[in-house]
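Can you read through this structure? Questions will come right after.
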Amino acid sequence: MFIQFEDEVKSVLKRAFEITGFRFSDLSLEESEHADLATSAAFRLGAACGKSPISIAREVRDAIRLDDSELIGRVEVAGPYINFFVSEKYFSRTVERIHAEGVDFGSVTGTGGKKVIVEHTSANPNGPLHVGHIRNSIIGDTLARILRRCGWDVEVQYYVNDMGRQIAVVAWAFEHFELDSSMKSDHAIADMYQRANQLLEEDEERWKEVNELMQRVEGGDELVLKQFSRVVEPAMDGIRETLKRLNIDHDVFISESSFVTSGDVFKIVEDLKRTGRVRVDDGAFVVDLKDLGIEKSLVLQRRDGTTLYTTRDLAYHRWKAEQCDWMIDVLGSDHKLVSRQLRLVLDLIGVKQPDIVIFEFVSLPEGSMSTRKGVFISADELLDEIKKHALEEVSTRRPDTSPEFKERVAEIVGRAAIRYDIIKVSADKAMVFNWREALDFEKQGAPFIQYAHARACSILRRARGDGEEDDLGSADPTLLTGESERELIKKMAYLPKAIERAGQDLKPHILAAYARELAESFNQFYRDSPVLNAEEDLRRARLMLVDAARTTLAITLETLGMEAPEEM
RNA sequence: GGGCGUGUGGCCUAGUGGAUAUGGCGGCAGCCUCCUAAGCUGUAGGUCAGGGGUUCGAAUCCCUUCACGCCCGCCA
């Protein structure tokens with residue numbers, strides 16, 4: 001409903017500018033603590049036409065006609081600011097609308113099925129996901145959910161790097177070690193990877209054998225590819241299992257090698273040669289990007305005729321581009337330069353460019369993580385540990401409940417807590433993983449939001465138990481005039497805007513902050529406004545509000561990839 | 001050395017041109033005969049890394065210095 005209010009403000013303001021004859025280029029609308037929406041346009045208009053901003057603000061205010069608007073209640077001038085406030089109707093309409101639309105509130109539907117492919121995680125299958133990888137997964141998955149709500153037909157892809165050097169190392173190690181079958185498969189692969197690296201360090205000569213595998217696989221040698229898949233498959237099985245525990249799902253897993261066997265990589269090289277930008281450097285083909293602002297030229301094909309990771313990535317993107325209207329890649333900050341190169345080169349051959357969402361690294365207090373050295377905290381370990389803590393929490397808080405209940409709550413609270421801690425922080429901020437903080441359930445994180453939802457459900461459950469409130473249709477939301485009722489409704493009305501902003505800016509942390517504020521508003525309402533003991537009409541109106549809050553919290557949680565428990 | 005990014009109370013963090021800088025954690029002081037206290041209320045705590053500039057107005061833009069991270073492979 002906030003978006004509709006904003007539209008009305010834009011329209012009346014535009015008209016007022018026309019009437020007063022001010023040339024506007026920018027309405028300068030901003031959310032403000034002093035109003036529901038405000039504009040500081042008078043400052044700029046004042047500078048442009050030599051009048052005082054204050055008098056301009058008054059003039060514009062006087063020209064504003066609210067005849068056609070029902071969501072704007074009043075307009076006030078405060079110095080040079082013009083402040084807009086929502087109307088009475090805004091509140092009742094919001095509650096009614098959420099009641100009518102249910103879980104579709106805040107969803108844009110029927111946009112013609114424009115398709116976006118979100119690529120995320122795409123971690124090398126040489127070990128389990130660690131706490132750095134899952135920042136990628138969680139950002140990507142949350143974005144996918146947000147864009148789905150924004151009306152996009154979203155497909156999520158995992159690009160499987162099944163022919164990298166790391167994979168070759170493990171494939172080579174298969175000739176020397178047994179896979180430890182007592183471990184989860186991806187952990188067993190990592191273990192083998194580490195042992196192989198030790199062996200290679202001790203005897204540098206052995207690299208020759210690994211390099212031979214690399215050469216053969218880059219030439220598309222089916223036999224070696226099969227050997228590689230003995231590594232990739234168990235690793236991917238383990239990774240998929242971890243992702244599932246995080247409530248993350250991919251639609252398509254596409255392997256890097258498929259672009260070699262299909263010949264697509266070589267077509268890319270040929271097409272680029274035709275652009276006249278490719279030069280031969282010591283037998284290798286490279287693309288010069290100096291005039292496009294990048295000193296470092298991009299190597300497409302080695303002297304020996306094989307291609308590189310980036311070349312295959314180009315082929316992958318061309319293939320992807322043909323299937324969608326928009327591409328988004330979620331990548332770690334180490335890919336900043338490469339992804340810029342990728343975008344430029346794609347443009348050279350007329351392929352649309354992906355939007356790249358870059359996130360900064362997650363490190364450990366003692367330094368950066370390394371699968372090779374075995375220095376990392378795996379996502380599985382974190383999930384197990386947090387579930388253990390969640391189980392302790394639920395056991396002390398709800399000692400009377402069944403073991404199954406405790407188990408289920410611990411699982412959904414645990415994974416949500418992990419997701420929230422990661423998604424709440426802006427992607428361009430480096431993070432240091434901290435066990436104490438990760439396992440802290442007291443702070444305002446996911447459990448706080450889930451708890452608000454459970455509280456709402458609890459009230460509704462009791463009301464239903466009283467045998468009355470199944471028809472909230474007859475409730476009168478205009479009775480909801482209390483301060484904290486109003487604040488809560490305003491927050492609920494903002495949900496579609498929060499989702500829209502997060503989607504437009506590709507910044508999922510915006511939604512995380514919103515979720516926390518929404519839960520806070522509900523908790524304040526919960527404190528101030530007794531529902532079940534209220535007088536009959538008010539009771540029914542408040543039940544309708546609680547129901548709308550429950551819906552809004554559930555939508556928000558779902559979009560963040562977190563379960564909304566009815567009880568916890 | 002060059003490029004990109006980050007720097008906000010003890011710790012973490014929101015805010016990238018607008019009104020007294022947002023929250024959390026931790027601290028201190030309170031609130032359960034009442035819908036789940038995984039909750040609520042109050043309070044202390046700030047040279048928005050330093051300096052200079054632009055602007056009616058700067059955490060936000062420009063210049064500069066410093067600190068930290070990532071990148072600068074015919075690796076992936």
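Numbers restart at 1 for each chain; the letters A, B, ... are given by sequence-line order, proteins then strands.
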For this session: Tell me what A/Q450 touches on the nucleic acid: a base, only sugar-phosphate, or nothing, going by heavy atoms under 4.0 Å.
Result: nothing

Problem set entry | Whole-Å P distance, B/G15 and B/G23 | 14 Å

Exercise. Short question: side chain of A/D304, backbone of A/T306 - any donor-acceptor pair under 3.5 Å?
Worked result: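 The answer is yes, because a donor-acceptor pair under 3.5 Å joins these two groups.
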
For this session: Search all heavy atoms of A/A417 against all heavy atoms of A/P447 and return the closest pair with its distance.
Result: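 Closest pair (atom of A/A417, atom of A/P447, distance): CB-CD, 4.3 Å.
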
Exercise. For A/N434, which contact category applies under a 4.0 Å heavy-atom criterion: base, sugar-phosphate, or nothing?
Worked result: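 The answer is nothing, as A/N434 stays clear of every strand by at least 4.0 Å.
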
Exercise. Is A/R516 touching bases, backbone alone, or none of the nucleic acid, heavy atoms closer than 4.0 Å?
Worked result: sugar-phosphate

Exercise. Between A/R542 and B/C35, does any side-chain N or O lie under 4.0 Å from OP1 or OP2?
Worked result: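 So the side-chain polar atoms of A/R542 never come under 4.0 Å of the phosphate oxygens OP1 or OP2 of B/C35.
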
For this session: Can you see which heavy atom on A/P125 is nearest to which on A/N161, and at what distance?
Result: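 For A/P125 and A/N161, the tightest heavy-atom pair comes out as CD-O, 3.3 Å.
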
Problem set entry | Phosphate contact (B/U41 OP1 or OP2) by A/R527 side-chain N/O below 4.0 Å | yes

Exercise. When you compare B/U22 with B/U16, how far apart are their P atoms, in angstrom units rounded to a whole number?
Worked result: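 Nearest-Å result for B/U22 against B/U16 at atom P: 14 Å.
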
Exercise. Quantified in whole Å, what is the C1' atom distance between nucleotide B/U60 and nucleotide B/A19?
Worked result: 16 Å

For this session: Using a cut-off of strictly less than 4.0 Å, decide whether A/Q524 has a side-chain nitrogen or oxygen near OP1 or OP2 of B/U41.
Result: yes

Exercise. Is there a side-chain polar atom (N or O) of A/Y526 under 4.0 Å from OP1 or OP2 of B/A37?
Worked result: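 The answer is yes; a side-chain N or O of A/Y526 sits under 4.0 Å from OP1 or OP2.
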
Exercise. So, A/Y81 and B/G18: ring centres less than 5.5 Å apart, planes less than 30° off, yes or no?
Worked result: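 Base of B/G18: not stacked against A/Y81.
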
Exercise. Is A/R397 touching bases, backbone alone, or none of the nucleic acid, heavy atoms closer than 4.0 Å?
Worked result: base

Exercise. Counting any heavy atom closer than 4.0 Å, what does A/D281 reach on the DNA or RNA strands: base, sugar-phosphate only, or nothing?
Worked result: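 The answer is base, as A/D281 lies within the cut-off (heavy atoms under 4.0 Å) of a base atom.
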
For this session: Looking at every strand, decide which applies to A/E218 at a 4.0 Å heavy-atom threshold: base, sugar-phosphate, or nothing.
Result: sugar-phosphate

Exercise. A/F43 stacking on B/G57: centroids under 5.5 Å, ring planes under 30°?
Worked result: no

For this session: Assign each of A/A430 and A/H335 to its nearest nucleotide of RNA chain B by heavy atoms, then name whichever residue's nucleotide is nearer the 5' end.
Result: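 Residue closer to the 5' terminus by nearest nucleotide: A/A430.
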
Problem set entry | Distance between C1' atoms of B/C75 and B/U6 (Å, rounded) | 27 Å

For this session: Classify the nucleic acid contact of A/T306 as base, sugar-phosphate or nothing, counting any heavy atom under 4.0 Å across all strands shown.
Result: nothing

Exercise. Taking the C1' atom of each, how far is B/G51 from B/A59, in whole Å?
Worked result: 16 Å

Exercise. Does a distance-only test, which skips hydrogens and angles, find a donor-acceptor pair under 3.5 Å between the side chain of A/R44 and the base of B/G18?
Worked result: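 Per atom types, the contact qualifies.
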
Exercise. So, is A/H509 close to the B/G15 phosphate, meaning a side-chain N or O under 4.0 Å from OP1 or OP2?
Worked result: yes

Exercise. What is the nucleic acid contact for A/V210, judged by heavy atoms within less than 4.0 Å: base, sugar-phosphate only, or nothing?
Worked result: nothing

Exercise. Reckon A/A513 touches a base, only the sugar-phosphate, or nothing at all at heavy-atom distances under 4.0 Å?
Worked result: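 No contact at all - A/A513 keeps every heavy atom at 4.0 Å or more from the nucleic acid.
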
Exercise. Is the A/F43 ring parallel, tilted or perpendicular to the A/Y81 ring (thresholds 30°, 60°)?
Worked result: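 Taking A/Y81 first and then A/F43, their aromatic rings stand perpendicular (interplane angle over 60°).
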
Exercise. Across the strands shown, which category fits A/V432 at heavy-atom distances under 4.0 angstrom: base, sugar-phosphate, nothing?
Worked result: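 It contacts nothing in the nucleic acid.
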
For this session: Under 4.0 Å between any heavy atoms, over every strand shown, what does A/K429 touch: base, sugar-phosphate, or nothing? Just pick one.
Result: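 Contact class for A/K429: base.
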
Exercise. So, is B/C61 syn or anti if syn means the angle is within 90° of 0?
Worked result: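 It is anti.
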
Exercise. What nucleic acid atoms does A/V394 come within less than 4.0 Å of, heavy atoms only: base, sugar-phosphate, or nothing?
Worked result: base

For this session: Determine the minimum heavy-atom distance between A/R542 and A/A534, stating which atoms define it.
Result: NH1-CB, 4.0 Å

Exercise. For A/K208, what residues pass the side chain to side chain donor-acceptor pair (under 3.5 Å) criterion, not counting sequence neighbours?
Worked result: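 Once residues adjacent in sequence are excluded, the partners of A/K208 under the side chain to side chain donor-acceptor pair (under 3.5 Å) criterion are A/E205.
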
Exercise. Within the structure shown, what part of the strands sits under 4.0 Å from A/V299 by heavy-atom distance: base, sugar-phosphate, or nothing?
Worked result: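 Since only primed, P, OP1 and OP2 atoms lie under 4.0 Å of A/V299, the category is sugar-phosphate.
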
Problem set entry | Atom C1', compared across B/A49 and B/C74: separation rounded to whole Å |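 Comparing C1' positions in B/A49 and B/C74 gives a spacing of 42 Å.
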
For this session: Answer with base, sugar-phosphate or nothing: what part of the nucleic acid does A/A452 contact at a heavy-atom distance below 4.0 Å?
Result: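 The answer is nothing, as A/A452 stays clear of every strand by at least 4.0 Å.
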
For this session: Give the ring-plane orientation class for A/F522 versus A/Y526, where under 30° counts as parallel, over 60° as perpendicular and anything between as tilted.
Result: tilted

For this session: Look at A/N124 and B/A76 and indicate whether a side-chain polar atom (N or O) is within less than 4.0 Å of OP1 or OP2.
Result: no

